[in-house]
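Each chain gets a letter, A, B and so on, in the order the sequences are listed, and its residues count up from 1. Both backbone and side-chain heavy atoms feed into the values below; hydrogens, waters and symmetry mates do not.
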2 protein chains.
Amino acid sequence: MRPAALPEQLRIACAQCNLVELCLPVGLPANDLKKLDTLVSVRKRVKRHQALFESQAPFEALYAVRLGSFKTVLTLTDGREQVTGFQMTGELLGLDGIGSGRHAVTAIALEDSEVCVIEYAQLEALAQEIPALMTQFHKVLSREIVREQGVMTLLGSMRAEERLAAFLLNLSQRFATRGFSPNQFRLRMTREEIGSYLGLKLETVSRTLSAFQEAGYLRVDRREIALLNREGLRQLLYPERTDPANATAP
Amino acid sequence: MRPAALPEQLRIACAQCNLVELCLPVGLPANDLKKLDTLVSVRKRVKRHQALFESQAPFEALYAVRLGSFKTVLTLTDGREQVTGFQMTGELLGLDGIGSGRHAVTAIALEDSEVCVIEYAQLEALAQEIPALMTQFHKVLSREIVREQGVMTLLGSMRAEERLAAFLLNLSQRFATRGFSPNQFRLRMTREEIGSYLGLKLETVSRTLSAFQEAGYLRVDRREIALLNREGLRQLLYPERTDPANATAP
DNA sequence: GCCGCTCATTGAGGTGCGTCAAAGACAGTC
DNA sequence: GACTGTCTTTGACGCACCTCAATGAGCGGC
């Protein structure tokens with residue numbers, strides 16, 4: 001992803017990092033904000049395909065994506081992999097390690113990336129000191145829980161078409177939040193990674209994208225996506241319901 | 001579930017509730033423990049099939065299951081439902097509401113149940129006061145994230161047999177933790193609810209259970225389950241791997 | 001006691017997606 | 001510029017699970 005095309009408002013709030021989730025809504029006084037800036041002052045670069053942290057490794061820090069993007073992967077004993085999420089600018093990585101002191105997933109950079117290192121011990125200490133930060137952190141954790149519930153629903157009760165439509169609309173919205181066009185963007189991940197995330201095989205992802213293009217919902221050229229009919233995609237997810245009052249008329 | 005057959009240790013730590021997750025590992029001094037007891041002093045009864053809270057309702061409190069069990073359900077606009085979890089004694093409900101101030105899921109009692117009401121504002125205040133409580137709460141939230149990642153893996157890359165085996169072994173372990181037999185227990189939920197949780201249809205759940213019985217892994221009589229060969233079930237999940245060193249020999 | 005309801009089991013047949021296979025397109029490397 | 005490896009597309013076929021359907025078992029109500 002190109003360097004911060006963030007709205008002015010966000011850039012001020014997150015001068016040092018792109019830690020949108022933690023900084024933005026807190027509205028801290030200058031003094032506390034300075035402490036927060038210190039908290040996220042350490043940077044780390046991660047090259048494409050390199051691991052930021054590995055599953056089972058001791059948990060010591062959270063990471064805020066400053067530049068670039070990541071995937072988190074859970075690997076089964078027999079080698080099968082499940083992508084549990086994609087993280088882009090301003091999103092947090094490492095929340096899975098808090099509970100057990102070890103990371104549950106492996107985080108891998110999808111492109112050359114840069115993160116802010118947030119020492120967890122420091123975050124805990126600061127959260128103790130700044131109530132608003134603690135509250136905000138709880139919200140971040142809870143939202144991750146809700147996001148995953150959404151994915152569970154996707155995996156458990158949606159068809160391939162619906163899964164992919166939901167995925168594309170979600171990506172679109174996240175790009176928009178970051179000041180990019182919601183209708184034209186470049187996928188950072190392969191078909192296989194998308195498939196793993198959505199519980200599909202790469203061939204099915206490819207075929208479904210082709211079908212969407214066929215239907216005029218979008219244009220797809222390798223990783224480049226242009227959404228032509230977002231409403232159409234939304235209707236796949238939230239189908240027109242015939243009014244039950246009419247349907248049940250005698 | 002019958003009243004607390006919890007180990008002595010737990011019963012002391014959680015005299016007022018069965019709030020294992022929050023109380024147990026904290027090891028609080030008597031003074032703080034008293035405050036915690038106050039926090040969870042309000043009870044609420046919920047009858048079978050009744051909702052403890054509904055999706056979209058304002059979020060005000062967490063709930064610790066004191067007696068009985070619940071399911072959490074996410075409903076799509078077209079009526080399809082996804083069960084996102086089952087909660088038994090000592091587990092927390094309502095974490096999904098923190099992020100947005102509204103509940104994301106509906107919680108429904110699987111049997112006549114009783115919960116401790118934990119006013120969230122009070123919890124936040126107390127967490128600010130007692131660092132160990134805050135730390136522990138973060139762990140609880142993180143573990144829920146990791147649990148859901150496990151379910152995502154289940155839904156995304158496992159076959160029906162594996163999903164059900166994982167589910168049964170997980171239940172078994174949770175019963176064991178609570179002082180019940182890990183090999184003999186009664187399901188609190190219907191085949192349909194299990195299926196919804198595992199992304200399967202009720203017929204598939206029923207058939208797979210029958211197949212497990214046929215294979216000698218367990219006996220099943222309505223809701224009653226007797227595990228006869230847990231190792232066998234585990235092998236379904238973690239298959240014997242031929243040593244790659246041997247397999248790749250020239 | 002009988003009745004009505006919910007829940008579970010089992011079978012037969014259909015299908016959405018996985019599997020296997022082949023070929024093409026691009027990016028990086030020397 | 002040719003080469004090599006990674007990624008993508010597309011087709012043909014098969015299977016795991018879904019769908020539809022019928023039967024039966026338990027359980028509360030009157």
Side-chain angles (χ1 to χ4, degrees), chain A residues 47-50 71 78-83 108-112 154-168 186-215 218-225 236, chain B residues 47-50 71 78-83 108-112 154-165 167-168 186-215 218-226 236:
Chain A
K47 287 219 163 295
R48 184 163 182 246
H49 294 166
Q50 219 183 9
K71 66 172 174 179
D78 63 356
R80 277 178 293 184
E81 291 191 347
Q82 172 75 25
V83 171
I108 293 178
L110 295 175
E111 55 196 313
D112 292 356
L154 210 115
L155 294 172
S157 49
M158 289 187 174
R159 292 172 308 106
E161 248 183 12
E162 300 175 292
R163 296 185 201 189
L164 202 57
F167 175 70
L168 291 171
R186 181 179 159 70
L187 299 173
R188 301 313 201 272
M189 64 294 280
T190 67
R191 303 287 189 265
E192 187 170 22
E193 287 162 339
I194 297 173
S196 173
Y197 182 60
L198 298 177
L200 301 170
K201 290 296 161 183
L202 69 98
E203 294 94 332
T204 303
V205 173
S206 179
R207 267 187 259 270
T208 307
L209 279 176
S210 297
F212 281 171
Q213 178 163 256
E214 194 67 23
L218 49 77
R219 265 184 304 109
V220 49
D221 175 25
R222 303 270 300 168
R223 304 265 180 111
E224 217 64 48
I225 300 282
L236 279 179
Chain B
K47 287 218 164 296
R48 184 164 181 248
H49 293 167
Q50 222 182 6
K71 65 171 174 180
D78 63 354
R80 278 179 293 182
E81 290 190 347
Q82 172 77 25
V83 170
I108 292 178
L110 296 174
E111 56 196 313
D112 291 356
L154 209 115
L155 293 172
S157 50
M158 289 187 176
R159 293 173 308 107
E161 248 183 12
E162 300 174 291
R163 296 185 200 188
L164 203 57
F167 176 70
L168 291 171
R186 180 178 160 69
L187 300 173
R188 302 312 202 270
M189 64 295 281
T190 68
R191 302 287 189 266
E192 187 170 20
E193 287 162 338
I194 296 173
S196 173
Y197 182 60
L198 298 177
L200 302 170
K201 291 295 161 185
L202 69 99
E203 294 95 331
T204 303
V205 173
S206 180
R207 267 187 258 269
T208 307
L209 279 176
S210 297
F212 281 171
Q213 178 164 256
E214 193 67 23
L218 49 76
R219 267 183 304 107
V220 50
D221 175 25
R222 300 275 296 172
R223 305 265 182 112
E224 217 65 46
I225 301 283
L236 279 179

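Sorted by first and then second residue, the salt bridge (Lys or Arg N to Asp or Glu O under 4.0 Å) pairs with a member in residues 198-215 of chain A form an empty list; sequence neighbours excluded.
Pairing each heavy atom of B:Gln213 with each of B:Val220, the nearest pair is OE1-N, 2.9 Å. Looking at every heavy atom in both residues, A:Arg186 comes nearest to A:Arg188 through O-NH1, 2.5 Å. The minimum heavy-atom distance linking A:Gly195 with A:Val205 is given by the pair CA-CG2, 3.6 Å.
Under the rule for a salt bridge (charged side-chain N to carboxylate O under 4.0 Å, His left out), the partners of B:Arg159 that lie at least two apart in sequence or sit in another chain are B:Glu161, B:Glu162. For B:Arg48, the side-chain contact (heavy atoms from CB on, under 4.5 Å) partners two or more places apart in sequence, or in a different chain, are B:Asp112. Under the side-chain contact (heavy atoms from CB on, under 4.5 Å) criterion, B:Ala165 pairs with B:Phe212, B:Leu233, B:Leu236, B:Leu237, sequence neighbours left out. Checked against side-chain contact (heavy atoms from CB on, under 4.5 Å), B:Glu193 has the following partners two or more places apart in sequence or in another chain: B:Lys71, B:Phe86, B:Leu110, B:Met189, B:Thr190. Looking at residues two or more places apart in sequence or on another chain, you find a side-chain contact (heavy atoms from CB on, under 4.5 Å) between A:Ser157 and A:Thr153, B:Leu76, B:Gln82.
No donor-acceptor pair closer than 3.5 Å links the side chain of A:Ser206 to the backbone N or O of A:Leu202. Without hydrogens or angle criteria, B:Ser196 side chain to B:Glu192 main chain gives no donor-acceptor distance under 3.5 Å.
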Distances under 3.5 Å between nitrogen or oxygen atoms of protein and nucleotides 15-17 of chain C:
from, atom 1, to, atom 2, distance (Å)
C:dC17, OP1, A:Ala160, N, 2.8

Could you list all N or O pairs between the protein and nucleotides 25-30 of chain C that sit under 3.5 Å apart?
none

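Boundaries of the chain A contact region on DNA chain D are D:dC7 to D:dA12, first to last in 5' to 3' order (nucleotide atom under 4.0 Å from a heavy atom).
Note that CG of A:Leu164 is 5.0 Å distant from CG of A:Leu209, once rounded to the nearest 0.5 Å.
Taking atom CD on A:Glu203 and atom C1' on C:dA21, their separation rounds to 10 Å, with Å as the unit. In this entry the distance linking CD of A:Glu192 with P of C:dG18 reads 12 Å, nearest Å. When the C1' atom of C:dT10 is taken as reference, atom CG of B:Leu209 falls 14 Å away, rounded to whole Å. A:Leu198 has its CG atom 15 Å from the C1' atom of C:dG18, to the nearest Å. Between B:Leu202 atom CG and C:dC7 atom C1' there is a gap of 9 Å when expressed in whole angstrom units. Distance B:Arg223 CZ to C:dC7 P: 7 Å, rounded to the nearest Å. Rounded to whole Å, the distance from CZ on B:Arg207 to C1' on C:dT10 is 7 Å.
Below the 3.5 angstrom threshold, one finds no donor paired with an acceptor across the side chain of B:Glu193 and the base of C:dC7.
Axis deviation across the helix from C:dG1-D:dC30 to C:dC30-D:dG1 amounts to 40°, comparing end segments of five pairs, rounded to 10 degrees.
More than 12 heavy atoms of other residues, nucleotides or ligands shown are found within 6.0 angstrom of CZ on A:Arg223.
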